[in-house]
Amino acid sequence: MTVSVIEQAKIQAQVLVPLIKTLQAELGEARANALVRKALGDLYRGFGEAFWKAKNESNLGKAVSSAFKTYARDDALAYDVIEQTADAFAFDVTRCAYAEFYKALGEPELGFLLICTADFATAEGFGPDVRLTRTQTIMQGASHCDFRHRRDGGGSQ
């Protein structure tokens, strides 16, 4: 039995939240958060690269949809697909158990740091012509998260 991503996030939070809070107290919030973003960015970029190579799918919509289903497993996310083509996958997350979990901890800003910022690094791992834009998140108090993955210039990677 594999552990879902939402369960992994809850387990990781038991260690990462106190660690980051200690780093913030010692180094200052800006410096500590920058270090966390760099370390996790490198890790998640590598996850994106490995996923993209293993998937071997030139259709961006199919590939990103498949990856996203992993994060949505176990009712972790409710979402509406806005667009799915060979060069785009756009969707709105309307309910997020990750945000609910971090808000219940009283740490939504750490949830954003640990969960939401990983989305951009993972998308970078999909290749230099794949762009993710997102203007808002539930974690930061918005009604929904607006994910827009697009391939620059069209065509296959």
Side-chain angles (χ1 to χ4, degrees), residues 2-13 16-17 20 33-157:
T2 61
V3 177
S4 67
V5 178
I6 184 68
E7 289 305 317
Q8 289 175 37
K10 289 177 178 181
I11 293 165
Q12 292 166 350
L16 293 176
V17 168
I20 293 168
N33 290 358
L35 288 169
V36 170
R37 273 192 299 276
K38 179 179 181 350
L40 294 181
D42 292 346
L43 177 71
Y44 285 109
R45 195 170 304 102
F47 287 164
E49 290 169 358
F51 167 81
W52 196 258
K53 287 178 184 161
K55 198 70 179 168
N56 195 24
E57 172 65 67
S58 63
N59 184 309
L60 181 68
K62 283 184 184 176
V64 177
S65 174
S66 171
F68 187 70
K69 286 176 183 170
T70 300
Y71 294 96
R73 195 175 119 211
D74 288 353
D75 199 33
L77 301 167
Y79 61 99
D80 298 320
V81 176
I82 307 300
E83 177 185 13
Q84 184 173 349
T85 68
D87 294 315
F89 187 62
F91 60 96
D92 289 341
V93 172
T94 56
R95 189 190 61 73
C96 177
Y98 301 91
E100 292 163 3
F101 171 73
Y102 274 96
K103 285 179 183 177
L105 287 180
E107 300 292 349
E109 53 290 323
L110 291 184
F112 182 81
L113 177 66
L114 293 169
I115 304 295
C116 302
T117 58
D119 298 327
F120 288 94
T122 301
E124 287 173 13
F126 293 166
D129 63 342
V130 175
R131 299 280 174 262
L132 168 62
T133 57
R134 186 185 63 213
T135 63
Q136 60 186 29
T137 66
I138 294 170
M139 192 81 75
Q140 293 180 304
S143 62
H144 66 281
C145 308
D146 58 342
F147 287 81
R148 305 296 184 259
H149 292 83
R150 298 219 178 275
R151 178 175 286 128
D152 293 338
S156 301
Q157 284 205 163

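Note that the structure is predicted; figures quoted are calculated from it, not measured. Hydrogens, waters and symmetry mates are skipped; everything else that's a heavy atom, side chains included, is used.
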Does Thr70 have any side-chain contact (heavy atoms from CB on, under 4.5 Å) partners at least two apart in sequence or in another chain, and if so, which?
-> Val5

For Asn33, side-chain hydrogen bond (donor to acceptor under 3.5 Å, both in side chains) partners two or more places apart = Gln24

Which residues share a salt bridge (charged side-chain N to carboxylate O under 4.0 Å, His left out) with Lys69, sequence neighbours left out | none

Got Met139 and Leu113 here, is their nearest side-chain heavy-atom distance under 4.5 Å?
-> no

Residues which pass side-chain contact (heavy atoms from CB on, under 4.5 Å) with Glu109, listed by chain and number, not counting sequence neighbours = Glu107

Contacts of type side-chain contact (heavy atoms from CB on, under 4.5 Å), residue Phe91, not counting sequence neighbours = Phe68, Tyr79, Phe89, Val93, Phe147, His149

Decide, yes or no, whether a salt bridge links Glu83 with Arg150 under the criterion of side-chain N to carboxylate O below 4.0 Å.
-> yes

Identify, with sequence neighbours excluded, every residue that meets salt bridge (charged side-chain N to carboxylate O under 4.0 Å, His left out) alongside Arg37.
-> none

Note, Glu100 side chain near Arg95 side chain (heavy atom, < 4.5 Å) = yes

Results of side-chain hydrogen bond (donor to acceptor under 3.5 Å, both in side chains) for Thr94 - residues two or more places apart only | none

For Thr117, side-chain hydrogen bond (donor to acceptor under 3.5 Å, both in side chains) partners two or more places apart | none

Are side-chain N/O atoms of Thr2 and Arg73 paired as donor and acceptor at under 3.5 Å?
-> yes

Under the salt bridge (charged side-chain N to carboxylate O under 4.0 Å, His left out) test, which residues partner Arg45, sequence neighbours left out?
-> Asp42, Glu124

Please name all residues satisfying side-chain contact (heavy atoms from CB on, under 4.5 Å) with Phe101, sequence neighbours left out, ordered by chain then number.
-> Lys10, Ala13, Leu105

Scan for salt bridge (Lys or Arg N to Asp or Glu O under 4.0 Å) pairs involving residues 56-68, sequence neighbours excluded, and state none if there are none.
-> none

Side chain to side chain, Asp119 and Tyr44, heavy atoms closer than 4.5 Å = no

Listed partners of Asp146 passing salt bridge (charged side-chain N to carboxylate O under 4.0 Å, His left out), at least two apart = none

